Amino acid sequence: MIPLLLAALLCVPAGALSCYGDSGQPVDWFVVYKLPALRGSGEAAQRGLQYKYLDESSGGWRDGRGLINSPEGAVGRSLQPLYRSNTSQLAFLLYNDQPPQSSKAQDSSMHGHTKGKQLTYTYPLVYNYQLEGIFAQEFPDLENVVKGHHVSREPWKSSITLTSQAGAVFQSFAKFSKFGDDLYSGWLAAALGANLQVQFWHKTVGILPSNCSDIWQVLNVNQIAFPGPAGPSFNSTEDHSKWCVSPEGPWTCVGDMNRNQGEEQRGGGTLCAQLPALWKAFQPLVKNYQPCNGMARKPSRAYKI
């Protein structure tokens, strides 16, 4: 089961391992899109705690069940093993480039801007873990990650195939800091053989412009709009999410890298799939993007999959 965008790794007995959707039932995968703080839409929206939910049977985006920090939603239910009193059969790593304030202060600038997989490449900042007994023996790479080890020689990038329990195929792309290039224009577009529209947070230094210097175009998304009269709609300067979609289909990727000069020198990656339910949900979100002539443009809606 693959819950996209969770900055945690859990290892539990195979029979107990599952992602749980907003309905409370096991699902093969889900996506939670946390909405940015929106003005004038109630206290929860102003605090940035509302979210949209998607899984393979949801029929598109749905309003999240409660708030993002609710124990009843998909994220809360899937992370419940962390909060049980008996964790003897549980191994976990918790990591983030901006760890909770309660943890020991650490310099994150050399670690990956990462929330995803292939940890020896992305070099995560681990702030809490449990890896004992049989787990430490079975997963020596995780013990190395906890100790701060990372890849030490080329290649500085890695692509692996992951398969969910129900057979859904995902492609994981990860780069180490010494890769020294933009994830999207420097590797991903060519690897997928597709043009990409990339959503990332635009309030950073050294933003890279849309790139059309190669066979495949990499276009910066400027504005996102969810379907329906209530939207919501917001600019990329307000949204910390990092994802990309091929406008022609069928690729959709969810990850952790911004397009800026600084993150060319940091580890991170993205998780891609050719799942129709994902593409149909993400592609219409692109309301406005920056073409390579620098002028904003609305996307065409003629694509089908």
Side-chain angles (χ1 to χ4, degrees), residues 1-8 19-80 82-83 94 96-102 113 115-116 197-204 221-245 252-258 270-271 275 277-289 299:
M1 286 67 176
I2 301 178
L4 308 187
L5 288 177
L6 293 185
C19 295
Y20 290 91
D22 259 9
S23 65
Q25 299 300 314
V27 295
D28 192 47
W29 58 264
F30 68 80
V31 179
V32 164
Y33 199 128
K34 192 188 82 66
L35 300 177
L38 303 174
R39 300 173 185 172
S41 302
E43 181 182 358
Q46 293 172 15
R47 291 162 55 202
L49 296 177
Q50 292 182 328
Y51 68 94
K52 295 287 186 178
Y53 173 85
L54 169 74
D55 64 33
E56 58 186 339
S57 61
S58 64
W61 296 108
R62 294 181 179 177
D63 289 338
R65 179 174 179 174
L67 304 180
I68 190 70
N69 57 359
S70 167
E72 300 300 319
V75 174
R77 289 180 182 275
S78 295
L79 292 180
Q80 263 187 0
L82 280 176
Y83 302 100
L94 303 181
N96 201 310
D97 60 304
Q98 292 182 316
Q101 295 180 357
S102 59
H113 192 267
K115 316 289 186 292
Q197 294 170 330
V198 185
Q199 154 57 28
F200 62 97
W201 193 46
H202 284 210
K203 269 193 173 180
T204 60
V221 173
N222 293 327
Q223 193 172 22
I224 301 98
F226 279 83
S233 175
F234 41 87
N235 297 325
S236 293
T237 54
E238 303 171 282
D239 185 8
H240 261 273
S241 70
K242 288 91 176 166
W243 52 268
C244 66
V245 63
T252 307
C253 307
V254 178
D256 48 46
M257 297 301 292
N258 293 312
T270 193
L271 188 66
L275 301 175
L278 270 181
W279 188 86
K280 289 178 181 178
F282 272 92
Q283 200 281 323
L285 297 185
V286 180
K287 185 176 182 180
N288 192 286
Y289 64 89

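Quick note: numbers below take in every heavy atom, side chains included, and nothing from hydrogens, waters or symmetry partners. Model, not experiment: these values are computed from the prediction. For this chain, numbers begin at 1 and follow the sequence in order.
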_Within-4.5 Å side-chain heavy-atom neighbours: Cys244 and Met257_ = no

*Main-chain N/O of Leu35 paired with Lys52 side-chain donor or acceptor, under 3.5 Å*: no

*Please check if the side chain of Asn235 supplies one atom and the backbone of Thr237 the other of a donor-acceptor pair under 3.5 Å.*
no

*asked:* Tell me whether Tyr51 contacts the main-chain N or O of Arg65 through its side chain, where contact means a donor paired with an acceptor under 3.5 Å.
replied: yes

*Going by atom types only, do Tyr33 and Ser241 share a side-chain donor-acceptor pair under 3.5 Å?*
yes

*Test side chain to side chain contact (heavy atoms under 4.5 Å, CB included) on Phe226 and Leu285 and set out the steps.*
CA-CA 6 Å; Phe226 279 83; Leu285 297 185; 3.7 Å; yes

*Got Gln199 and Lys242 here, is their nearest side-chain heavy-atom distance under 4.5 Å?*
no

*With rounding to the nearest 0.5 Å, note down the distance linking NZ in Lys287 to OG in Ser236.*
12.0 Å

_Before you tell me yes or no, could you show the steps for Ile68 and Leu49 under side chain to side chain contact (heavy atoms under 4.5 Å, CB included), namely the whole-Å CA-CA distance, both residues' side-chain angles and the distance that decides it to 0.1 Å?_
CA-CA 5 Å; Ile68 190 70; Leu49 296 177; 3.8 Å; yes

*Give a yes or no answer on whether the side chain of His240 reaches the backbone of Pro36 with a donor-acceptor pair at less than 3.5 Å.*
no

*Judged by atom type as modelled, is there a donor-acceptor pair below 3.5 Å linking the side chain of Ser78 to the main-chain atoms of Ala74?*
yes

*Option passing side-chain contact (heavy atoms from CB on, under 4.5 Å) with Val221 (candidates Val245, Asp239, Val286)*: Val286

*Are the ring centres of Trp61 and Phe282 closer than 6.0 Å?*
yes

_Check whether Asn258 reaches the backbone of Phe200 with its side chain - one donor and one acceptor, N or O, closer than 3.5 Å._
no

*asked:* With a 4.5 Å cut-off on side-chain heavy atoms, are Gln50 and Asp63 touching?
replied: no

*asked:* Is any side-chain heavy atom of Leu278 closer than 4.5 Å to one of Trp243?
replied: no

_Let me confirm one number: the CD-CG distance from Glu56 to Leu275, rounded to the nearest 0.5 Å._
8.0 Å

